[in-house]
Amino acid sequence: MDSFTDSKKDWYKRMSFYQIWVRSFADGNGDGIGDLYGVYDKLEYIQSLGVDGIWFSPIYPSPNADYGYDISDYKDIHPDFGTLDQFKKVLNRAHALGLKVIMDLVVNHTSDEHPWFIESRKGKDNPYSDYYFWRDKPNNWESLFEGKAWEYDPVRKQYYLHIFAKKQPDLNMDNPKVREEVKSIMRFWLDMGVDGFREDVINFISKKEGLPNGIPFLPAVNGMPHYKDGPHIHEYMAEFRQVCNEYDCFQLGEGPMTTVKSALKYLTGPTKSLDMMFSFDHMMADCIYTEYVHRPFSLVKLKKAFTKWQKALDGRGWNALYLENHDHPRIISRYGSEHFWRESGTMLAASYIFQQGTPFVYQGQEIGMTNIRLLSIDDYIDVSSKTNYHTYHLKDSVEDRLKRIHVSSRDSSRTPMQWDDSPNAGFSTAKPWFFVNSNYKRVNVAAEEKDKYSILNFYRRCLALRKSSKTLIYGTYSEYFPKDKELYIYERVLGNESYLIICSFSRISHRLKFPDKYAKRRGKLVLCNYPVEERRKGRLRPFETRVYRYRKHTVK
Ligand code: GLC
Ligand code: CA
């Protein structure tokens with residue numbers, strides 16, 4: 001019997017979420033930096049989207065080596081963003097509006113400015129000595145963000161492990177004291193009333209004993225076989241699950257490089273420790289591992305990834321659906337077309353929101369924000385973009401190297417939110433901390449509020465439709481024409497009802513085709529991203545999407 005699931009509620013399955021990366025969302029106190037005062041003022045807007053919850057990327061004190069993912073105090077709020085009291089106000093108001101709130105739990109590593117690390121580096125006799133991994137001799141692992149995974153510390157005169165940036169030393173989760181700290185952090189926020197956690201790189205927290213050498217000559221990820229799904233991961237996850245079980249909350253893990261097989265161990269059966277997991281396969285339809293290793297977009301690859309996860313989890317686990325977050329360039333610039341901006345932005349919404357799972361929408365995605373193209377690498381702020389630029393393909397021209405940053409940088413998702421066409425896109429009355437995308441006069445909330453056919457209003461329609469239909473929430477998923485290079489067609493079925501979702505990824509008009517099963521049936525067109533009057537019989541316009549509903553007795 002599954003002791004974990006029994007006490008859990010399934011409310012998260014009916015929900016959809018909005019992700020906020022606070023620094024770039026809305027500046028409430030006029031210093032150019034987004035904050036919790038700004039968030040407070042925008043809660044009604046978030047509610048108006050039809051989502052049911054908010055995921056906050058880290059809002060804790062942080063020196064920002066990795067913009068919040070390097071935490072120096074887990075139980076406070078970054079002074080740039082406000083105070084704990086302001087957070088409580090946001091939380092209470094969100095709850096009053098019917099929005100759940102989940103926090104980012106980043107416990108694979110801390111900041112090197114966290115008091116635990118400051119103590120730990122003092123020496124081997126320190127009570128915090130074993131909170132991190134210290135070695136006289138490093139192994140050959142490389143970090144994902146900044147060169148070798150080991151950095152020499154002149155104070156302790158040893159090397160410490162960092163799988164991400166140098167300023168992100170890895171916590172030693174094998175130390176029971178560290179696990180107690182994690183539980184205490186969880187309780188701190190749960191006691192305050194938050195509704196769950198998004199758990200950062202959670203499949204990396206258990207490292208193989210002895211930290212053996214990794215694969216030689218493989219850049220960045222060579223140690224991964226020794227820290228992904230490590231030997232004690234499910235024991236540690238069970239401990240954290242126990243804490244969550246004391247509350248009415250849910251857990252969502254981020255699983256970089258995870259496979260269906262390993263994800264199922266977190267999501268089902270006796271080792272179930274998470275309710276959902278962010279997987280990455282579908283984010284690699286135009287790249288290999290990260291967007292920096294670019295390849296042309298392949299719809300067939302995208303569909304294969306979607307369908308693999310839909311099928312594998314159906315009736316067993318539950319998917320977390322997303323196309324954007326703070327780690328990826330904007331989706332229109334990747335899988336859609338900036339030329340067919342509105343058309344592809346709306347179609348992409350329908351391509352994932354109606355799948356089985358809980359949809360996540362990232363700030364700015366709902367208005368179709370696109371990538372920025374800055375003129376110099378010095379204008380970029382993300383540590384991984386900088387490392388990529390300064391490490392790989394050094395013989396290429398500056399233009400070519402910058403082009404790679406343009407398609408790959410995480411900074412494209414971190415530009416200020418575009419609220420209106422006033423200076424600074426209405427994000428702040430002061431000069432914003434980072435570049436505003438120059439398209440803000442056209443791409444902004446205020447303009448899209450007024451336009452019935454805007455991307456913003458289409459997201460609202462998608463989220464409302466999903467919420468209104470048990471079939472779209474719980475129904476089974478099947479895909480048709482998996483080899484078609486231009487069309488993505490999937491259905492959701494529950495009892496007598498089915499929905500057929502048709503998405504064209506073509507830049508030109510394309511023949512509309514129906515699966516045999518539906519050819520002779522008359523469905524009701526419940527959603528389309530072009531004005532219905534403009535519809536053309538038997539053809540789809542560029543990036544057109546249509547959603548049809550069928551009921552059994554409608555067979556002709
Ligand atoms: C996750 C976060 C990312 C961060 C990394 C290290 O992938 O989403 O932003 O850089 O973990 O914490
Ligand atoms: Ca501010």
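Atoms within each ligand, like the ligands themselves, are counted from 1 in listed order. We're numbering straight along the sequence, starting at 1.
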Worksheet item: What heavy-atom pair brings Ser24 and Phe427 nearest, and what distance separates the two atoms?
Response: C-CE1, 3.4 Å
Fill in: Nearest heavy atoms of Tyr18 and Gly364, plus distance in Å
OH-N, 3.8 Å
Worksheet item: Can you name the side-chain contact (heavy atoms from CB on, under 4.5 Å) partners of Glu449, sequence neighbours left out?
Response: Tyr45, Val445, Leu456, Arg460
Discussion item. Given a heavy-atom cut-off of 4.0 Å, could you list the residues near ligand 1 in chain and number order?
Written reply: Asp66, Tyr69, His109, Phe145, Phe164, Gln168, Arg198, Asp200, Val201, Glu254, His326, Asp327, Arg410, Arg414
Discussion item. Trp134 and ring pair (Phe, Tyr, Trp, His ring centres under 6.0 Å): which single residue from Tyr152, Tyr128, Phe117 fits?
Written reply: Phe117
Discussion item. Test of understanding: with salt bridge (charged side-chain N to carboxylate O under 4.0 Å, His left out), list the residues that count as partners of Arg198, not counting sequence neighbours.
Written reply: Asp104, Asp200, Glu254
Worksheet item: Does the ring of Trp309 carry Lys304 above it, NZ/CZ under 6.0 angstrom from centre and within 45° of its axis?
Response: no
Fill in: Considering all heavy atoms, the nearest Gln19-Tyr362 contact
OE1-CD1, 3.2 Å
Worksheet item: Within a radius below 3.0 Å of the Ca ion (ligand 2), how many protein N, O or S atoms are present?
Response: 5
Fill in: Glu180 and Lys183: CA distance, side-chain angles, deciding distance, salt bridge (charged side-chain N to carboxylate O under 4.0 Å, His left out) verdict
CA-CA 5 Å; Glu180 286 314 311; Lys183 290 180 238 174; 2.9 Å; yes
Discussion item. Ring centres under 6.0 Å, that's the criterion: do Phe278 and Phe360 meet it?
Written reply: yes
